[in-house]
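What follows is a set of notes on a single structure, which appears directly below.
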Amino acid sequence: MGDLMESGQWLIDFIAEHEIAQGIEDAEDDIGSALETVIKHVGEIGLYQRMLFVIMMPFGLVWSFSYFGQMFITATPQEHWCRVPELDGLSVDLRRSLSIPKLSDTEYDHCFMFDANWTQVLETMLPPDAETPTIPCTNGWEFLFDDIPYSTIVNEREWVCDKSSLVPWSQTISFFGSVVGGILCGTLADKYGRLPVLILANASIAMYFGGGCLLLPWLSLWISDWKFLSVAMSVPAVLVLATPFVVPESARWLISKGKTDEAVKVLRKFEKINKSKIPDDVLENFIMVANKTKEKSQSVLMIFKTPSLRGMVTALVIAFMGVALMFDNVIRLSENLGLDFFLTFTVTSATEIPSIIILVLLLDRIGRRFFVTAPMMIAGVLCLAAAFVPRGAASVALAVSARFFNNMSYGTVIQWTPELLPTPVRASGASFVHISAFAAVMISPFIIYSDRVWEGLSLIIVGVIGIVASCVALLVPETKGRRMPQTLDNWETLASTTCFSKKRDAADKTRYR
C-alpha cells in the first residue's frame, strides 16, 4: 500500500499549491508568493480543479480494491470439517454428526475426525463412542458456505487447520510489494515528478476510497468467485493510462527542477479551461522568480543529517504506525466479530465518508495534531472495550465507532506528513514515513491471527498501540495555518517553536507568511 499512498502525495501537493485546501497563508519565499498570486488570477477552485477531483474517482476505487480485496479472496468459511469419503452419500448434517467430535452443543471440531470403522458406522447409523480416538483430516475438508457464499482460495486450496497460517502470510506478502514500491515511488517523484508516479502507483483520495470499500463486499457477492473477483478488481487500473491526457504535473515541482516553461504551460491550461486571465505583469514576475529558483536535489538522508527533522520524523513514523495498524486491523476484524462479514465490512467502511467530511470542515480550524491525537486515543479505548464484550452486536458497534475515529486520524496524518517536510525531500521523505508505517502493517494479519490464542487479544494489542501512538503524536509540530516548507530554512522556522529545536530564537518564532 505504500506505493499507493505515496502517489496521494502528488494530490496533496497539487491541492495545496492550488489553494483548494483552506487556511493557507502567503509564503514569505518569493516563488511561493509569486505562484499563489498567479493561482488567484487563474482561479483557486475553478472548473478544471473540479474536473480533476472527479477524475480521481477510478483511482480511489483501485486503491480500495487493492488494499482490501485480499480479505474477500482469502475469506475462510467458519463451518468446515474433515471429509470422510465413505459417508458421501449421506446428508450434510448426518455426515458431520457421524464423523466429527463435538466441542460443544453447537460446535464441531474443524481439524479432527473419529478414527472409526466407517462400514460399521454406516450399518448402525450411530456416531462412534465419545472415547473413540481422533486423527487429523486425511481426505481434505468439507465447507459450509453459509457465511461466505462463494468459493475462495482458502476452501479451494484448503488453507485451514495446520495450513491456516498461510492466510495471514498471503496477506502479509502483499505488503512487501508496497515497501519496494514506496521506496521506488518516492525517489521517482522527487526526480521525475508527481505525475509519472501517479500513473505507476494508482492513488486516490479518501472520499473515493470509502466509496470503493462500500462497493467491494457486494461486488464480491455478485461475482462469487475469487478468480473472477481478482480480475474485476484489477481491470479498473487500466484507466490510469489516460492520466497524462487529463492530469497536469505539479507546477511547484516543475519550478523546483528549473522547468519554468512547462510550469507556464500547466498554468495556461488552467487559464483556458477556467476562462480566466493571468495579468502579463503577474506572469512575467512569476517567470523571473521561477528562473532563479531551481533547487538542488536532496536525498532522504538529509532527514537523518538534520537533528530537528530526524526527531520529528521519528515521532511521525511512530504515530503513523499506530494509525495504520488500527485502520488495517479494525477493518480486518469484520470477519471475526460475530455478525455477517459483508454487512459488518460495509457498515464499518461507511464511517469513512462522514469522518472525512468532518475533517474537511474542521481540520484547518482545529489543527492536525488534535485530529491525530484525540480520535486515536478514543479509538484505542473503544478497541480495548470491544475486547471484553461478547462477539456480536456490541463488539461490532464498538469496532465501527473505533473505525470512525481512526478514519479522522488516518486522513489527517496523510495530509500532515507532506506539510512537515521541505520540498526537496517531500516525496522521498513522505515515502519513507509511509514505508515505515506500512512495514509495521505487515504484522497486521498476524495480530488478527492472535485471536486463535485468546478471543479479544487482537483488539487489546491494537488498542494499546493506538493509545501509545496518540501520545507520541503530541511531539509533532502543528502545521495549521502554515505554508508547507520549501527549504530546510523554512523547516527550521517551523521547528523553532517545538521540542525539536535546540535554539529558540524569538526572531525565528514568527510564522513565515
Side-chain angles (χ1 to χ4, degrees), residues 2 5-6 8-9 12-13 16 21 24-25 27-29 182-183 186 189-190 295 298-325 363-364 366-377 409-440 465-505 508-512:
M5 292 299 303
E6 181 50 45
Q9 160 64 32
I12 293 169
D13 264 5
I24 297 179
E25 299 182 23
E28 69 177 10
D29 55 290
I183 296 172
D190 277 336
E295 299 173 356
Q298 297 282 356
S299 74
V300 72
L301 294 178
M302 187 183 86
I303 292 174
F304 303 101
K305 294 177 181 178
T306 309
S308 58
L309 265 176
R310 184 170 62 239
M312 181 277 293
V313 169
T314 300
L316 183 62
V317 164
I318 295 173
F320 207 144
M321 282 181 175
V323 172
L325 277 168
L363 183 60
D364 285 313
I366 297 178
R368 281 64 167 152
R369 188 188 291 127
F370 173 87
F371 269 111
V372 171
T373 300
M376 271 296 290
M377 181 68 72
S409 295
Y410 197 88
T412 302
V413 78
I414 291 174
Q415 177 158 332
W416 204 10
T417 299
E419 289 180 348
L420 289 162
L421 296 166
T423 298
V425 292
R426 181 164 299 135
S428 58
S431 179
F432 171 77
V433 174
H434 290 311
I435 290 167
S436 301
F438 296 122
I465 289 173
I467 291 172
V468 171
S470 69
C471 294
V472 174
L474 291 171
L475 302 176
V476 182
E478 177 58 70
T479 58
K480 182 188 73 169
R482 297 177 182 269
R483 192 73 176 87
M484 289 195 293
Q486 306 304 312
T487 65
L488 186 58
D489 287 340
N490 288 160
W491 156 252
E492 294 294 353
T493 301
L494 176 63
S496 64
T497 56
T498 72
C499 60
F500 299 111
S501 176
K502 294 182 178 179
K503 297 180 180 180
R504 294 177 176 268
D505 188 344
D508 290 334
K509 291 184 179 180
T510 58
R511 293 188 302 183
Y512 48 91

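Side chains included, hydrogens not; waters and symmetry mates left out as well; all remaining heavy atoms used.
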Only counting residues at least two apart or in another chain, list the ones meeting side-chain contact (heavy atoms from CB on, under 4.5 Å) with Thr412. Leu359, Leu363, Arg368, Phe371, Val372

Point-to-point distance, once rounded to the nearest 0.5 Å, from OG of Ser470 to CE of Met376: 6.0 Å

Nearest 0.5 Å, please: how far is CD1 in Ile414 from NE2 in His434? 6.5 Å

Glu419 versus Thr479, closest heavy-atom pair with distance: OE1-OG1, 2.7 Å

Minimal non-hydrogen separation, Met377 against Cys471, with atom names: CE-SG, 3.8 Å

Do Glu478 and Phe370 come close enough that some side-chain heavy atom pair is under 4.5 Å? no

Which atom pairs, donor and acceptor, lie under 3.5 Å between side-chain atoms of residues 311-321 and protein residues at least two apart or in another chain?
from	atom 1	to	atom 2	distance (Å)
Thr314	OG1	Arg310	O	2.8

For Leu309 against Pro422, the heavy-atom pair lying closest together: CD2-CD, 4.2 Å

